[in-house]
S.K.: 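One structure, pasted below without further comment.
Being a predicted model, the structure only gives us computed values, none of them experimental. Positions are given from 1, in the same order as the sequence printed here.
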Amino acid sequence: MTTPAPPDSPQPAGEPAAADPWAPPGPWQDEGAASGHDPAALPGPGPGVPYWPPYPMPAAEPRNGLGVAAMVLGITGTVLSLLLVVFWLSWLPALLAVVFGAIGLGLVRKGRATNRGMALAGVVLGAAGLLISVGTGVFIAARVHSVNEELRAEAAAASARADEQAAQERERLEAARKKLAAEQEKKAADERARRLPFGQSYTYEDGLKVTTAAPEPFVPNETVFKVPANARIVQVRITVVNTGPAALSLYGSGSPFVRDSRGSLAFAFFDGSGRAKFLADSLAPGQETTSLEAYTLPDDAADPFTVQFTYGSGMQRKDVIWSGPAG
């Protein structure tokens, strides 16, 4: 039976010393135990063996870039979606925020990222930006459609007003044309009414009635004036009556204009017998005046001859002309 050697007894040469369980652990043993490695499996210091203290493996860095990008893009898309001028630019950053945020959340679930809040904020903001941009687009489209409808309605109303104005203008022009035609017809009728045969009457608008009797031969007093050769002397009687309610002035009427068939003026003939009469200067209501004068007409231009009576002033001045044979 072998008796164990005492603790202080030397070990045989060439044999490794046995581990002393009562000895304090070395520094490399504590680090090895803390790192999870078996200190007994590590080579200890000794001749030809260097000292290698154990180190823990470095942990992988979290991939938080997609989450950050998602939040930045979400904020950008949301801000752009609120601006009516550039809202249509917000769909791309908002869509990228949703995609990057979803990928970032997947990385968080796998333990490869730690910024779940940023990724989730990017998804929420991106979705909000998309919804707002779509809503803004729908609002603007509806507003544009409404404005277009209003513009079309205004254009239709303006066209209707223009058509109505054109119709009114046509009616006005037609009325003016008819009025002018009526005035011209009235004027023409009045002109015809003032072209009379001897013996008929014409009444002016103010009530002055004028009548020229059929001409009569005039036998002059040869003791005073010599009768022109190859001429015919006729007596012209004009009767004027005021049938109106007010006094009328005959200023400017005077003696009539007598023309032969060639249009030449005939000269008045006075024989000194006192048979000639002249019109009064004015007439009271119901008053009458007579002009009686003789005129010489060439034998070859006596038929027909005309007698012209002029009355009125300015634009209201009118001529009445009687015509017929000298008798």
Side-chain angles (χ1 to χ4, degrees), residues 16 18-156:
D20 187 359
W22 305 104
W28 61 273
Q29 290 179 340
D30 293 340
E31 293 179 0
S35 62
H37 298 285
D38 185 7
L42 296 177
V49 179
Y51 175 71
W52 294 100
Y55 291 97
M57 295 297 292
E61 295 183 359
R63 298 175 56 184
N64 294 335
L66 290 176
V68 174
M71 187 177 69
V72 172
L73 290 172
I75 294 174
T76 303
T78 303
V79 172
L80 291 178
S81 67
L82 296 175
L83 303 177
L84 295 179
V85 179
V86 294
F87 78 95
W88 51 275
L89 295 174
S90 64
W91 69 272
L92 182 59
L95 180 62
L96 292 177
V98 173
V99 174
F100 290 172
I103 297 175
L105 290 176
L107 294 177
V108 170
R109 286 193 297 270
K110 294 178 182 179
R112 298 167 63 182
T114 59
N115 58 345
R116 181 177 182 279
M118 289 186 177
L120 183 60
V123 173
V124 173
L125 291 175
L130 288 175
L131 292 177
I132 294 174
S133 63
V134 170
T136 304
V138 172
F139 170 76
I140 292 179
R143 183 56 183 165
V144 169
H145 178 73
S146 176
V147 170
N148 289 335
E149 289 296 325
E150 293 176 359
L151 292 177
R152 280 194 289 268
E154 292 179 358

S.K.: Would you give the length of the straight line joining atom CG of L95 to atom OG of S133, rounded to the nearest 0.5 angstrom?
M.R.: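 The distance works out to 10.0 Å.
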S.K.: Tell me the closest heavy-atom pair linking V108 and T114, and the distance in Å.
M.R.: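 Taking every non-hydrogen atom into account, CG2-N, 4.4 Å.
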S.K.: Measuring from atom CE of M71 to atom CG of L120, what distance do you get when rounded to the nearest 0.5 angstrom?
M.R.: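 Between M71 CE and L120 CG, I get 11.5 Å after rounding to 0.5 Å.
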S.K.: Could you state the interatomic distance from CD (E150) to NE2 (H145), rounded to the nearest 0.5 Å?
M.R.: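 Those atoms lie 10.5 Å apart.
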S.K.: Measuring from atom CG of L80 to atom CD1 of I75, what distance do you get when rounded to the nearest 0.5 angstrom?
M.R.: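 L80 atom CG to I75 atom CD1 measures 12.0 Å (nearest 0.5 Å).
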S.K.: Kindly give the heavy-atom pair with the smallest separation between F100 and L66, and that separation in Å.
M.R.: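 Nearest heavy atoms, F100 then L66: CB-O, 3.8 Å.
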S.K.: Ignoring hydrogens and angles, tell me if any N or O in the side chain of T136 forms a donor-acceptor pair with the backbone of I132 under 3.5 Å.
M.R.: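 Side chain of T136 to backbone of I132: a pair is present.
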S.K.: Give the minimum heavy-atom separation between G129 and S90, together with the two atoms involved.
M.R.: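 Of all heavy-atom pairs spanning G129 and S90, the closest is O-OG, 4.2 Å.
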S.K.: If you round to the nearest 0.5 Å, how far is OG1 of T78 from CG of L125?
M.R.: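 Reported value, rounded in 0.5 Å steps: 4.5 Å.
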S.K.: Between A97 and G122, what is the shortest heavy-atom contact and its length?
M.R.: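 Closest pair (atom of A97, atom of G122, distance): CB-O, 3.5 Å.
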S.K.: I need the minimum non-hydrogen distance between P62 and A113, along with the two atoms involved.
M.R.: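 For P62 versus A113, the nearest heavy atoms are CB-CA, 4.1 Å.
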S.K.: Among V72, V123, V68, L105, which residue meets the side-chain contact (heavy atoms from CB on, under 4.5 Å) test with M118?
M.R.: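 With M118 as partner, side-chain contact (heavy atoms from CB on, under 4.5 Å) holds for just one option, V68.
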S.K.: Minimum heavy-atom separation for G101 to A70, with atom names?
M.R.: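 Nearest heavy atoms, G101 then A70: N-CB, 3.3 Å.
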S.K.: For the CG atom of N148 and the OG atom of S146, what is their distance to the nearest 0.5 Å?
M.R.: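 So the CG of N148 and the OG of S146 are separated by 8.5 Å.
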